[in-house]
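Quick note on labels: first sequence line is chain A, next is B, and so on, each numbered from 1.
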2 protein chains.
Amino acid sequence: MARAGLTADRVTLTGAELADEVGLDHVTMSAVARRLGVKDASLYVHVRNLEDLRGRIALLAADEKTIRIAEATAGRAGKDALVAYANAYRDYAHAHPGRYTATQIPMQIDPELLARAPGPRRAIELTYSMLRAYHLDEPDLTDAVRMMRSMLHGFINLEAAGGFAHARPVEDSWVRCLDALHALLENWHAHREGDPA
Amino acid sequence: MARAGLTADRVTLTGAELADEVGLDHVTMSAVARRLGVKDASLYVHVRNLEDLRGRIALLAADEKTIRIAEATAGRAGKDALVAYANAYRDYAHAHPGRYTATQIPMQIDPELLARAPGPRRAIELTYSMLRAYHLDEPDLTDAVRMMRSMLHGFINLEAAGGFAHARPVEDSWVRCLDALHALLENWHAHREGDPA
DNA sequence: GTTACTTCCTAATGTCTCTAGGAAAGAGGC
DNA sequence: GCCTCTTTCCTAGAGACATTAGGAAGTAAC
């Protein structure tokens, strides 16, 4: 009998495809094995268990997403870069809903595996360096990064969960939110604690 | 043999407690039945299936969260109300992580059940009426509501997922984000499309 | 106390995760 | 080619869970 030629990466990729098609929580060992034409038990050579597989999918997604963002923002600065960043982020989530979901689960990933994946670390660097154009110093920089991430992440999440039921097109709100975010970053230092009401 | 006195609400509440203790995706029919001292099959009289149970937990959480927010914002206005709203929101998520998680799943809830639950609708009304103090007209109002929800939801989510690894205390960033949000809402009309860089 | 409804149980099926142990494919040395 | 070592994949099987069908025993109305 010919070998199926499995590797951890191939198992992960198959899981990721499945996640995009049927949702992350329908990604089972059985389903992945079925799709690969292999018995369930065979997967355990390459992947520790279901949780490990999910972690690997999350890492794959983080890497892919980071690459998209890096490409989109390359050579851009200021609001241009912000919009490119945000759109690349959102586009990835739309194109790969299952993978994107995987990035959100409370990370209980094998630390060794995590250390080898460039995605998460690079994503942070990318974000900080992009926001550096707004001339913020610590701790403002970190606060701004957190705010920006919260907004993007939250928007995409709510959108995916069907949380925007109003008639107003989501696309229009998105553009408006990015405008607002840009304005906010530019005037970050102006609205500290006790600014006039 | 005495009856256990089950009702849909009691099953839901037990599921919610379990969710807060061990995480939403460890809420199983078996586990809920065990805690209630009842066999798995007995639950199916009160709850259609696992998905239905999860939906009910989500609705319960939405109701509870809305009540907390309503209490917190009662009699307040402007930034005071905004901060009270946001803190009540976040406090609820901290106090009931499992229930809060339930509110985030793409809602595939029994429409009839949804119609009877006051939470979701009331939450929207509450938000709109709070933001009305910032004197925004449609479609700005809806955009602002969406931005605010995105930010709060995203921040709490990232926080829960351990996404804020930096040394800067999360609490401080939170306060700063609320300041920024308030400033943003006050000057919402000022930063439209082509504002000066 | 009879009737009817509801609640809860037993029993059973199918799916899924994960482990143990075996067979066979492929690589390298001779 | 043949032997050996490693890795890959399989068979078998235990244990958890979701879900359905059908039966027995409480409870309420009359």
Side-chain angles (χ1 to χ4, degrees), chain A residues 1-59 98 101-102 105-106 108-110 112-113 116, chain B residues 1-59 98 101-102 105-110 112-113:
Chain A
M1 193 173 290
R3 294 202 181 183
L6 296 187
T7 61
D9 285 346
R10 225 160 93 64
V11 173
T12 304
L13 189 59
T14 304
E17 290 170 4
L18 212 53
D20 288 336
E21 290 171 27
V22 301
L24 213 225
D25 40 42
H26 289 107
V27 174
T28 66
M29 287 296 196
S30 311
V32 172
R34 258 194 306 276
R35 170 165 300 208
L36 285 166
V38 147
K39 297 294 174 186
D40 314 17
S42 305
L43 300 181
Y44 289 83
V45 178
H46 308 281
V47 156
R48 206 188 324 283
N49 52 32
L50 219 208
E51 199 183 322
D52 181 39
L53 173 59
R54 286 220 235 271
R56 286 169 188 267
I57 294 173
L59 246 31
T101 304
I105 53 179
Q108 38 205 351
I109 293 178
D110 183 2
E112 194 210 333
L113 205 63
R116 205 162 20 201
Chain B
M1 191 173 289
R3 294 204 182 183
L6 295 187
T7 61
D9 285 346
R10 225 159 94 65
V11 173
T12 304
L13 189 60
T14 304
E17 289 170 5
L18 213 52
D20 288 336
E21 289 170 27
V22 300
L24 213 224
D25 41 41
H26 290 107
V27 174
T28 64
M29 287 296 196
S30 310
V32 172
R34 255 194 308 276
R35 171 165 299 210
L36 285 165
V38 147
K39 297 294 174 183
D40 310 20
S42 305
L43 301 181
Y44 289 82
V45 178
H46 308 282
V47 156
R48 204 188 326 281
N49 52 31
L50 220 209
E51 198 184 322
D52 181 39
L53 173 59
R54 285 220 235 272
R56 285 168 188 268
I57 294 173
L59 246 30
T101 304
I105 53 179
M107 293 258 192
Q108 38 204 351
I109 294 178
D110 183 1
E112 193 211 332
L113 206 61

Main chain of A:L24, side chain of A:R54: is a donor-acceptor contact present, judged purely on distance under 3.5 Å? yes
Please report the interatomic distance CG(B:D9) to NE2(B:H46), rounded to the nearest 0.5 Å. 11.0 Å
When all nucleic acid strands are considered with a 4.0 Å heavy-atom cut-off, which category describes A:S42: base, sugar-phosphate, or nothing? base
Side chain of A:V45: nearest nucleotide among C:dT17, D:dT8, C:dT10? D:dT8
Double-helix bend of the helix from C:dG1-D:dC30 to C:dC30-D:dG1, axes at both ends from 5 pairs, round to 10°, gives 10°
Could you state the NE2-P distance from B:H26 to D:dA16, rounded to the nearest angstrom? 14 Å
Looking across every strand, which nucleic acid part, if any, lies under 4.0 Å from A:D40 by heavy atom: base, sugar-phosphate, or nothing? base
Starting from P on C:dC16, measure out to CG on A:D25 and report it in whole angstrom. 13 Å
Nearest-Å distance, OH (A:Y44) to C1' (D:dA14)? 13 Å
Has B:H46 got a side-chain N or O lying under 4.0 Å from the OP1 or OP2 atom of C:dC8? yes
Whole-Å distance between C:dT19 P and A:L50 CG? 12 Å
Measuring from atom CG of A:L18 to atom CZ of A:R34, what distance do you get when rounded to the nearest 0.5 angstrom? 9.0 Å
Calculate the interatomic distance between B:L43 atom CG and D:dT20 atom C1'; express it in whole Å. 14 Å
Looking across every strand, which nucleic acid part, if any, lies under 4.0 Å from B:R34 by heavy atom: base, sugar-phosphate, or nothing? sugar-phosphate
Between D:dT8 (P) and A:D9 (CG): distance, integer Å: 13 Å
Within this structure, what is the CG-to-P distance between A:L6 and C:dG26, rounded to whole angstrom? 14 Å
Give, for atom CG of B:D52 and atom CD1 of B:I57, the distance between the pair rounded to the nearest 0.5 Å. 10.0 Å
D:dA16 OP1/OP2 closer than 4.0 Å to side-chain N/O of B:T28: no
Nearest-Å distance, NZ (B:K39) to P (D:dT19)? 18 Å
Find the distance between OG (B:S30) and NZ (B:K39) and round it off to the nearest 0.5 Å. 10.5 Å
Separation between CG of A:D40 and OG1 of A:T28, rounded to the nearest 0.5 Å: 8.0 Å
From C-beta outward on B:M29, which listed nucleotide comes closest to its side chain: C:dC16, C:dT10, D:dA18? D:dA18
B:R35 atom CZ: more than 12 heavy-atom contacts under 6.0 Å: yes
